[in-house]
Every structure is written in structure tokens, then in C-alpha cells.
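Predicted, not measured: the structure shown is a model, and the values here were computed from it.
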Amino acid sequence: MSFIHLNVHSDYSKGWGLGTIEEVCQAARDLGIKQLALTDTNGVYGLVFFVQIAKEMGIEPILGSELLYGERRAVLIVKNRQGYTNLCHIISARHCHCDFDLTRALRERRRGLIIFSDDFSLLKVLKRDSMEDLFVEMSPGYQMGRCYAFSRKTGIPPLATNRVYMVRKGQFRLHRILRAVSLNRKLSRLTGEDTCREHSFLNAPRDMIDQYPHAPIAISNTVEVAESSLSDWDFDRVIFPPFEKLDAEEAFNHLYRATMDGCRERYGKITRKVRERVAHEMGIIREKGFAPYFLVVADITKRAGRSCGRGSAAASIVSYALGITHVDPIKHNLFFERFLNPGRMDPPDIDVDFAWDERDQVIDYAFARYGNRRTAMVANHNTLGARSAIREVAKVFGLTDREIGQVTDKIGFEWRLKEAWQELAHNPKMRGIKFRKPWDDILIAAFQLQGHFNHLSTHCGGLVIVPDEVRSYCPVEISRSGLQVLQWEKDSVEEAGLVKIDILGNRSLAVIRDTLDLVEKNYGRHIDYARLNPLNDPQTAAIFYKGETVGVFYFESPATRQVLTKVRSGFTFDEYLALDHFLLNVVVTSIIRPASNQAIHTWISRLQGEKWAPPHPLLGPVLKETLGVMVFQEQLSQAAIHLAGFDPAEADTLRKTVSKKHKGKKLRDFYARFVRGASERGVSRGVIEEDRKSVA
């Protein structure tokens with residue numbers, strides 16, 4: 001006899017679940033569990049991460065959600081694609097509709113879902129419609145005897161669960177702290193109904209079987225449900241936004257005409273070079289089906305007088321012709337493949353800056369134009385930081401705001417308790433503070449809770465538009481601003497094939513707008529923002545040469561200005577004017593990142609004449625532009641292709657994996673593949689390690 005855990009919660013069950021998805025899956029693998037259902041409360045926040053991590057660990061992922069609303073409760077397991085769509089709609093209604101009724105929602109949308117519950121009233125109503133895929137949940141410590149009696153009386157089959165909220169035995173004390181934090185209540189005031197049971201952890205299947213000698217059918221039904229559920233989760237399909245009800249071919253033709261019209265306006269004359277570049281890009285756009293996306297972004301961009309598309313989209317002549325970007329990719333020798341190439345598996349997004357006080361109007365236009373039915377913002381998954389974890393835990397232990405503030409006010413926002421909590425009392429910043437009881441318990445609990453999911457917020461600009469119903473792909477909630485927000489953050493959105501548009505607010509654009517308006521008002525001179533091109537203007541170059549770029553977007557941080565002054569130190573102004581300022585400034589803004597001091601020093605030395613050679617001849621074409629220093633993400637992809645024989649799709653997946661949060665095992669697998677491929681091409685281990693360090 002086998003048992004499958006079908007009611008398991010991660011920390012995405014806010015205020016209840018303790019384990020991260022990685023911790024849950026690792027614990028399951030350690031127990032030899034091959035199938036596992038994630039059923040976080042009122043959401044599927046971690047669906048994409050769960051599918052990825054479970055598969056990496058050899059676990060078959062089953063997805064569901066525990067729905068709670070008022071006194072009603074039910075766990076829903078996805079049986080097929082229609083069931084997933086219905087689950088998303090039910091969860092969305094739970095969060096968005098004031099008149100939501102769980103029983104009514106399940107009656108209307110239960111097709112494709114397996115339902116189990118210990119809510120007798122709900123089960124009686126659902127039984128009248130059908131007993132198919134309907135079970136009575138039996139869980140130790142939750143009136144299991146009454147549930148079994150109800151099952152025998154009604155004929156609704158029983159199903160065994162353990163209502164897992166903890167990863168392992170011994171975490172109940174931490175669970176109580178988490179519940180007290182969630183309820184904003186002192187630990188001493190918690191009741192038994194406020195928490196799960198002490199045995200509600202992920203235990204071995206054998207232990208679960210031993211608890212049901214009187215109801216073996218409840219155990220065997222877990223296997224039946226698992227075998228009936230959807231476990232083959234596939235996110236390969238890209239879901240493009242619609243444009244004016246055009247089909248793929250119509251959208252392509254519309255985009256081609258708009259691009260050629262834009263090129264005539266930008267260049268005056270369509271040269272052979274322009275025509276060939278357009279043909280090259282349009283061929284890839286047709287192959288990847290990206291035409292509607294460009295049209296939608298261009299449509300949104302035109303809603304503001306001044307905007308600025310940035311990022312890899314600036315490498316596209318189509319973006320330039322449509323007015324999405326304002327950088328000539330031919331003049332500056334930018335490669336379209338940096339933005340979109342046949343091997344790229346995920347859809348790239350286009351980041352567009354708008355004046356900060358116009359951004360909300362642009363978003364409102366997108367929702368009005370494409371409708372709430374098809375449009376939603378992307379979420380942020382906010383986690384507990386060091387300060388918030390200590391503050392919240394200390395409150396439930398009964399410490400005063402003054403006692404808590406003495407500690408938290410001295411903790412930086414980037415502190416990691418996982419490394420520092422044991423040494424906190426000895427930190428020079430904490431001099432004079434006596435860490436008496438219960439501070440040791442507080443710090444241990446805060447250390448264990450830091451990094452856990454805390455709440456949902458709205459991404460700074462991510463917008464998703466789908467061709468049919470956004471609630472069919474991912475549940476939505478309502479933000480404080482009243483806009484629909486997906487339950488997924490940007491990585492999950494991209495992995496699931498939803499194409500994101502980033503609509504960002506930029507104060508510099510507002511300053512430029514207001515300045516140009518004042519010039520026209522006071523001097524009667526109209527300046528076309530789209531045709532401003534000061535790259536070769538000596539006065540503009542002088543500002544960058546001196547590092548006087550406060551107020552210049554991307555160049556105003558102390559680190560960036562410091563790099564500009566270091567560049568200046570090796571050149572006279574006339575020599576500086578002779579440099580390729582566009583490339584120079586792109587490298588300056590891209591090379592600034594954590595732990596990059598050595599890379600910056602190396603690049604500046606070579607820029608000022610120091611001799612250099614690539615670590616390996618195969619990397620020469622990849623690193624020539626940046627003087628042997630790996631600066632751009634695309635160079636990582638190119639290095640994998642040139643040095644280790646990756647195909648373009650593999651290389652692009654590697655680039656994408658490096659920047660993701662949940663990347664551990666994938667990155668190790670890629671590293672092994674990289675070492676193998678490079679070694680086969682005669683590359684020494686030293687060069688391989690040097691390449692790895694430059695990425696890290």
C-alpha cells in the first residue's frame with residue numbers, strides 16, 4: 001500500500017506554512033517521496049517554482065490549492081487543463097468579488113477539479129450535483145472519526161491527508177511564532193484553533209499508513225487521486241498580446257508596413273543596408289510570432305509625447321522605426337540577436353520609460369484599451385528581511401517598541417541573519433545593548449523566518465496582456481491602486497510564457513519634457529525630442545568627462561560617476577572626444593554591479609592602453625568590444641557557444657538561468673555541461689574557472 005501527500009503547504013501559505021518550496025521538495029526527496037501535491041492557501045503563488053524544483057529533484061508535481069472563505073473550506077486538486085483554468089477563476093473570484101461564495105463557485109466551476117473537504121455542509125451540497133471526484137478529508141487531529149462516520153453515512157469516499165504546514169518534526173514552536181505574527185497577537189494568547197497540530201509536518205508515507213488501520217481505503221484513495229491529477233506541466237507556449245483582432249499573418253504585414261513607414265521618417269531614404277536589416281529582423285519576428293507584441297508596445301508608447309525604450313530592445317531597427325526606442329542600431333552597430341534570436345526560448349520584454357507623472361495614465365490606457373478581462377500587472381513576492389523578521393518576532397514575545405527599536409534601528413536593510421545572527425550581540429553597532437532573554441529565542445526564530453514569503457505587492461511596471469482571459473492563466477488579486485495583479489512575480493510570468501511589457505516611470509524624462517516646453521514657451525523654438533542626438537556634442541561630452549552627471553538617468557550614482565572620473569584620468573579632453581562615446585557609456589553603466597571593482601579596474605586600464613589578450617583565442621570575438629572583460633549578459637551566451645559548443649538555445653537558457661532566483665541545480669548542471677564542452681575543445685581548466693569567476 002502507498003500513500004501520497006495531497007495537502008502540503010509552503011511558506012506561500014502566508015502565516016501558516018513554514019518551508020520554502022526548495023525545503024519542502026528536499027524533505028520529500030529525503031523521504032523517498034516520488035509524488036507530491038502543493039496546495040497553498042488561496043493561491044498558486046509558487047506554482048512555476050514548484051514544478052521546476054520538483055522535477056529537478058525527481059518528484060512528480062501535483063498542483064492544487066486550499067480555498068478558505070468564511071466558514072467554508074475545501075482543497076482543490078487540478079485534474080486537467082480545464083481544471084487549472086477553473087482553479088484560477090475560483091481563486092481570482094475569492095480575492096476580487098465581495099459576494100464570493102465558495103459553495104456556489106465550486107458548483108459552477110468544479111469540472112476538471114478533484115475536491116476534498118471536512119466541511120460537511122459544503123460536501124452535502126456538492127454531492128447533490130455529483131459524487132465524481134469528491135472526497136471527505138480525514139486528517140489526524142481534525143475530528144478524523146466524525147469525518148469517517150460522515151463518509152460511511154453519505155457514501156462520499158474518504159481521503160487521508162496530514163495537512164502539512166511544517167517541513168519536519170520539531171518546528172511547531174516556530175509555527176506558533178509565525179501564527180502569532182500573522183494574527184498580530186502575543187504568543188501567550190494563542191489558542192489551539194489558531195495553529196496546526198504538532199504532527200502536521202511532512203512525515204514518511206509509512207507513518208501515515210500506520211495511522212489508518214481502520215480506513216485503508218482513505219490511504220489507497222490518495223494514490224487514485226494522484227494518478228488522476230495533472231502532473232505533466234508544460235510552459236513552452238508563448239502567449240502573445242492581441243492587436244486589433246489581427247491574426248498572425250495580418251499582424252506581421254501590419255508591422256512590416258509600419259516599420260517601413262517609420263524607417264522613411266527616421267532615415268529619409270531606405271538604403272540597401274536599412275532594407276536588409278529590416279528583412280533580417282522581420283524574418284526572426286515572423287518565425288517567433290512576435291509581431292503583435294511590437295504593435296501593442298508601439299500602441300502604448302504613442303500615448304505619451306516622450307518615452308524611451310531601453311535595454312536589448314534598442315538593438316532593433318523595428319523598435320527604432322516604431323518610435324519605441326530612439327537609438328539607431330545601424331549607426332551604432334547593434335546586433336538584433338541581443339534582443340531576439342531563433343534560439344531564444346523565453347520571450348524578451350521591452351522596457352519603456354515614461355515621464356514619472358505620466359506612467360499611471362499610460363497604464364490606465366492599457367487597461368482601458370485591452371480591458372480588465374485580458375490585462376493585469378505583474379506582482380512582487382516580498383519576503384521578510386532581517387529588520388522586519390526581528391521586529392515582528394520580538395513583538396509577539398512581548399517586547400516594547402523601544403526595546404525592539406534599539407536593535408532594528410541599527411540593522412542595515414541588506415543584512416543576512418543567516419550569516420550574522422549569532423554574532424549580532426558582538427557587532428560594534430550593538431555596543432551598549434544587553435541581549436537578555438528572550439533575545440536568543442527571538443534571533444533564532446527571526447533567522448529561520450528571514451527570506452520567507454511575506455506579502456504580495458505590484459511590480460514597478462510589469463504589464464501582461466493576453467488574447468482571451470488573464471484569469472485562465474494565473475489567478476489575480478486587487479492591488480491597493482485598484483488594478484488587477486497576477487499572483488506570480490516576473491520570473492514565473494516569463495517561465496510560464498506570458499509576455500511582459502515594462503512600463504516604467506522616469507523623473508529625468510519629466511525634466512526633459514518640462515525643459516523643452518519652457519524653451520518653446522520662452523524662446524519660440526520647438527525641439528523634436530525624438531531627434532535629439534547630442535552624442536558628438538563637445539559640451540555634452542564635457543559633462544560626462546568631468547563626472548558631473550547628477551540628475552542624468554543611469555549616470556548619477558556615485559559608483560558610476562567615480563568610474564567616469566577614472567576614465568577621464570587617462571585621457572586629455574581631445575583624446576576623450578575621439579572615443580566612441582555611445583559604446584563607452586553603455587559599458588560604464590553595465591559594468592557597475594556588486595563585486596565588480598576588479599573588472600572595472602581591468603577595463604579602465606585596458607581602455608587607457610594596457611595590453612591585453614583574451615583568456616582563450618575562442619573568446620576573442622566575444623570579448624573584443626569590452627577589452628576582454630565580460631560585461632554584458634549576451635557575452636555569457638556567446639562564450640558558451642564559442643568556448644563550450646552550446647547551441648544558441650542552450651546558451652540563452654544559461655544566460656537566463658544565471659539571473660534567476662531558483663537556479664541552484666540548473667546552474668550546476670550547466671556548469672558540468674560547460675566544463676565538458678570546453679574540455680572537448682581543448683580549453684584548460686584554468687581558463688574555464690576564469691570564465692566562471694567573471695560570470696559570478
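Ring geometry for Y45 versus Y12: interplanar angle under 30°, hence parallel rather than tilted (30 to 60°). Ring geometry for Y256 versus F252: interplanar angle under 30°, hence parallel rather than tilted (30 to 60°).
The two residues M282 and T259 make their nearest non-hydrogen contact at SD-OG1, 4.4 Å. A pairwise comparison of heavy atoms in P614 and L619 identifies CB-C, 4.2 Å as the closest pair. Residues R681 and I641 come closest through the heavy atom pair NH1-O, 3.9 Å. Scanning both residues, W356 and A510, for their nearest heavy atoms gives CD1-CB, 3.5 Å. The minimum heavy-atom distance between A291 and I285, with the atom names listed, is N-CG2, 3.5 Å. When all heavy atoms of L456 and H381 are compared, the closest pair comes out as CD1-CD2, 3.4 Å.
Rounding to the nearest 0.5 Å gives a distance of 10.0 Å between CZ of R257 and CG of L255. Rounded to the nearest 0.5 Å, atoms CZ (F555) and CD1 (I592) are 10.0 Å apart. Rounding to the nearest 0.5 Å gives a distance of 12.5 Å between CG of L76 and CZ of R109. N372 CG to L483 CG: the interatomic distance, rounded to the nearest 0.5 Å, is 8.0 Å. Between I53 atom CD1 and C25 atom SG the span is 6.0 Å, to the nearest 0.5 Å. Atom CZ of R310 and atom CG of L504 lie 5.0 Å apart (nearest 0.5 Å).
Although no hydrogens or angles enter the test, the distance criterion places no donor-acceptor pair under 3.5 Å between the side chain of S65 and the main chain of L67. Looking at H326, its side chain does come within 3.5 Å of a backbone N or O of S307 through a donor-acceptor pair. Looking at E469, its side chain never comes within 3.5 Å of a backbone N or O of R471 through a donor-acceptor pair. Proximity of a side-chain donor or acceptor of H254 to a complementary backbone N or O of E250 within less than 3.5 Å is not detected. A side-chain donor-acceptor contact under 3.5 Å links S590 to the backbone of V586. For W488 (side chain) and V44 (main-chain N/O), a donor-acceptor pair under 3.5 Å exists by modelled atom type. Between the H95 side chain and the N42 main chain, a donor and an acceptor come within less than 3.5 Å of each other. Distance alone, capped at 3.5 Å, is enough to place a donor-acceptor pair between the D247 side chain and the E249 backbone. With hydrogens and angles disregarded, no donor-acceptor distance shorter than 3.5 Å links the side chain of Y370 to the backbone of P241. Listed for the S92 side chain is a donor-acceptor partner under 3.5 Å among the backbone atoms of V476.
Proximity of I350 to D502: side-chain heavy atoms (C-beta onward) are nowhere separated by under 4.5 Å. The closest side-chain heavy-atom distance from I62 to W233 is not below 4.5 Å. Considering only heavy atoms from C-beta on, T20 stays 4.5 Å or farther from F453 through its side chain. Contact check for R374 versus V470: no side-chain heavy atoms found under the 4.5 Å cut-off. Residues L38 and S10 meet the side-chain proximity criterion, which asks for heavy atoms closer than 4.5 Å. Counting heavy atoms from C-beta outward, L230 and K79 have side chains that stay 4.5 Å or more apart. Considering only heavy atoms from C-beta on, R275 stays 4.5 Å or farther from T271 through its side chain. Using a 4.5 Å heavy-atom cutoff, the side chains of L47 and Q487 are not in contact.
In the displayed structure, E265 atom CD is contacted under 6.0 Å by at most 12 heavy atoms of other residues, nucleotides or ligands. Within 6.0 Å of NZ on K302 lie no more than 12 heavy atoms contributed by other residues, nucleotides or ligands.
Between the side chains of E495 and S492, no donor-acceptor pair is found at a separation under 3.5 Å. Side chain to side chain, Q484 and T375 fail the donor-acceptor criterion of an N or O pair below 3.5 Å. Between the side chains of Y554 and N585, no donor-acceptor pair of N or O atoms lies under 3.5 Å. Remark: the Y365 side chain and the R369 side chain contain an N/O donor-acceptor pair separated by less than 3.5 Å.
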Criterion side-chain contact (heavy atoms from CB on, under 4.5 Å) on I330 and V274, from CA distance to verdict: CA-CA 8 Å; I330 293 179; V274 169; 3.8 Å; yes

E494 vs K490, salt bridge (charged side-chain N to carboxylate O under 4.0 Å, His left out): CA-CA, chis, key distance, verdict: CA-CA 6 Å; E494 292 170 4; K490 65 181 184 66; 5.3 Å; no

Working for side-chain contact (heavy atoms from CB on, under 4.5 Å), residues I300 and V362: CA-CA 7 Å; I300 292 173; V362 175; 3.4 Å; yes

side-chain contact (heavy atoms from CB on, under 4.5 Å) evaluation trace for F674 with L643: CA-CA 8 Å; F674 187 90; L643 200 65; 3.7 Å; yes

From CA spacing to verdict: side-chain contact (heavy atoms from CB on, under 4.5 Å), C308, L509: CA-CA 8 Å; C308 179; L509 279 177; 4.3 Å; yes

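For the pair R673 and F646, the cation-pi criterion (under 6.0 Å, within 45° of the ring axis) is fulfilled. Geometrically, R266 engages Y320 in a cation-pi contact, judged by NZ or CZ lying under 6.0 Å from the ring centre and within 45° of the ring axis.
When R306, R513, R303 are each tested for a salt bridge (Lys or Arg N to Asp or Glu O under 4.0 Å) with E358, only one passes: R513.
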